[in-house]
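Here the structure is laid out as structure tokens; the discussion comes afterwards.
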Amino acid sequence: MKSPKAAERLLSVEAIRRVDAAAIAAGTPGLTLMQAAGAAVAGRARALAPEGGRVLVLCGPGNNGGDGFVAARLLAEAGYRVDLRLLGERAALKGDAALAAEAWTGPVGPAEAEIAATDLIIDALFGAGLCRDLEGMARALVQAVNCSGVPVLAVDVPSGIDGDSGAVRGLAVEATETVTFVTLKPGHLLQPGRTHCGVLHVADIGTGEAAFAAGVAGEARAMVRNAPGLWALPQLTAGSHKYTRGHALVLSGPAHRTGAARLAARGALRIGAGLVTVASPAAALAENAAHLTAIMLHRCENADDLDDLLADERLNALLLGPGLGTGPATCDLVAVAASVGRALVLDADALTSFRSEVRTLARHIRDGEARAVLTPHEGEFARLFSGTEAVAEGLSKAERTARAAQIAGAVVVLKGADTVIAAPDGRVAINDHGTPHLGTAGSGDVLGGLVAGLLAQGLAPFEAACAAVWLHGDAGLRFGPGLISEDLPELIPAVLRDLAGRA
């Protein structure tokens with residue numbers, strides 16, 4: 001995987017504190033950083049509010065409030081009619097926030113005053129480091145903001161959102177846009193924080209590369225925003241042919257449960273695998289044959305048949321799970337598939353069959369040296385990792401997925417509106433490139449096929465998973481309302497063409 005750019009790297013709240021501290025230690029005053037942050041906020045406010053319009057700035061008792069004071073001053077100097085309210089006492093402000101407040105020469109109103117007619121609200125109440133639920137006046141103020149119907153520009157994160165997990169701390173501002181600084185935090189992309197943020201903007205406030213590196217150095221996990229800059233798709237050469245592009249094998253369920261495997265197989269073929277075979281029980285061959293042309297068929301009744309089939313080493317990427325059925329027979333198939341050291345994608349029934357037995361599955365993966373990717377949704381994740389630290393209360397989705405990947409010894413793709421991809425070595429990617437229209441039957445089967453198709457072409461498991469998730473999301477975004485899973489493979493060529501053109 002390519003090294004992430006600073007703009008793609010996600011830093012925890014504590015890491016951002018280290019960045020600020022390193023910048024200040026290197027000679028940049030904290031007030032200078034605050035002035036740059038406030039200027040970035042004021043710049044977005046001018047884009048959202050009409051020239052000379054009314055702007056309500058809600059400031060909190062910490063540095064987030066200090067950013068608000070700076071923004072208020074700059075907007076007032078630019079001719080905007082600014083109403084500034086402070087949650088707490090002005091005399092209680094400390095450090096750079098107090099200095100920023102001193103430079104504000106206008107009146108400071110009480111936070112509890114009624115929200116009057118205004119063109120824009122700037123939420124500078126609480127930043128990403130909020131570690132308690134909002135209550136009392138703070139909660140009432142957020143409630144009033146959400147009920148006002150006025151566009152909201154949030155500073156750092158919408159007040160009430162946990163910057164690390166995206167969780168709502170009791171109640172949170174529903175922002176139209178959010179301006180944050182240096183780089184995004186996990187809570188900007190993890191739900192429900194992502195929805196509360198609205199349109200995201202990242203402002204460079206002059207901390208510098210050395211300070212950024214200091215923040216990165218202390219992180220336990222390498223966390224990034226999933227984007228094309230992080231992975232490279234397979235490239236064809238003049239000498240490429242179907243055998244150099246890999247051969248994906250998808251196992252089908254019994255008769256009348258074959259559609260999921262065909263969707264996955266179609267995805268694998270469209271993403272570029274040179275050959276794709278669907279292996280199914282004899283009773284399902286005719287059903288599959290009626291729907292498949294470029295995709296080949298092979299009979300496979302049980303684990304022994306699969307073992308014989310895998311004697312062909314050209315079958316280099318395997319997908320088990322969609323419509324396969326649950327129970328011991330599926331566990332046996334997974335054990336055989338994991339034993340041959342190939343790339344392996346496990347989804348749906350293949351995961352549910354190992355309910356509460358993830359360590360058994362991990363042993364199969366480890367002993368067979370399989371390069372495995374697991375693609376559960378939340379229900380499958382809960383069943384598979386039941387009783388492990390991956391389902392401990394209070395963990396963010398990113399942390400749960402990261403722990404799951406270490407337990408399983410495999411890349412884990414925890415699907416959803418904020419799909420998280422994690423590798424056993426601690427790398428984590430959060431995907432926000434998608435659409436709710438992907439929430440349709442069979443969509444996940446196509447995703448599994450995309451992963452398998454990329455693995456067949458030689459991509460490493462984490463890279464293949466990240467690329468497949470992004471491409472899957474892009475296909476969904478292109479289609480929009482009315483999307484069904486059969487549409488997704490047919491959209492992949494356009495996605496790939498545009499991606500190649502952009503590169």
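Given the structure is predicted, the values throughout are model-derived calculations rather than measurements.
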- Side-chain H-bond candidate by donor/acceptor type, His472 with Ser443, under 3.5 Å: yes
- Message: Could you tell me if the side chain of Asp156 sits less than 4.5 Å from the side chain of Asp67, heavy atoms only?
- Response: no
- Message: Please give me the minimum heavy-atom distance between Val411 and Phe462, naming the atom from each residue.
- Response: CG2-N, 3.7 Å
- Message: Could you go through Asp119 and Arg54, starting from their C-alpha distance and side-chain angles, then the distance that decides it, and tell me whether this counts as salt bridge (charged side-chain N to carboxylate O under 4.0 Å, His left out)?
- Response: CA-CA 5 Å; Asp119 296 304; Arg54 294 183 175 87; 5.3 Å; no
- dist Trp470:CH2 -> Trp231:CH2 (nearest 0.5 Å) comes out at 5.5 Å
- Task: Check for a donor-acceptor pair, side chain of Asn146 on one end and backbone N or O of Ala172 on the other, with a separation under 3.5 Å.
- Result: yes
- How far does OG1 of Thr176 sit from CG of Leu153, to the nearest 0.5 angstrom? 8.0 Å
- Message: Checking Lys415 against Glu378 for the salt bridge (charged side-chain N to carboxylate O under 4.0 Å, His left out) test, could you report, in this order, the C-alpha distance in whole Å, the side-chain angles of both residues, the deciding distance, and whether it holds?
- Response: CA-CA 7 Å; Lys415 297 180 289 193; Glu378 285 284 3; over 6 Å; no
- With Asp418, which of Arg194, Gln191, Lys397 fulfils side chain to side chain donor-acceptor pair (under 3.5 Å)? Lys397
- Query: Going from CZ on Arg270 to CG on Leu450, what distance comes out if it is rounded to the nearest 0.5 angstrom?
  - Reply: 11.5 Å
- Between Asp83 and Arg81, is the closest basic N to carboxylate O distance under 4.0 Å? no
- Query: Any luck finding a side-chain donor-acceptor pair between Lys185 and Ser12 under 3.5 Å?
  - Reply: no
- Asp347 (side chain) donor-acceptor with Gly448 (main chain) under 3.5 angstrom: no
- Taking Thr178 for the side chain and Leu200 for the main chain, is one N or O donor matched with an acceptor at less than 3.5 Å? no
- Task: Supply the atom-to-atom distance Leu99 CG to Leu93 CG, rounded to the nearest 0.5 angstrom.
- Result: 10.0 Å
- Query: Got a second to check how far Glu490's CD is from Phe479's CZ, nearest 0.5 Å?
  - Reply: 11.0 Å
- Going by distance alone, is a donor N or O of one side chain under 3.5 Å from an acceptor N or O of the other, for His433 and Asp474? yes
- Query: Could you state the interatomic distance from CG (Leu374) to CG (Leu384), rounded to the nearest 0.5 Å?
  - Reply: 6.5 Å
- Message: Apply salt bridge (charged side-chain N to carboxylate O under 4.0 Å, His left out) to residues Arg266 and Glu486 and explain how you reach the verdict.
- Response: CA-CA 9 Å; Arg266 187 76 172 175; Glu486 286 95 327; over 6 Å; no
- Item | Geometric cation-pi criterion, Arg400 with Phe381: 6.0 Å, 45° | yes
- Message: Apply salt bridge (charged side-chain N to carboxylate O under 4.0 Å, His left out) to residues Arg18 and Glu219 and explain how you reach the verdict.
- Response: CA-CA 10 Å; Arg18 290 195 298 270; Glu219 290 286 74; 3.4 Å; yes
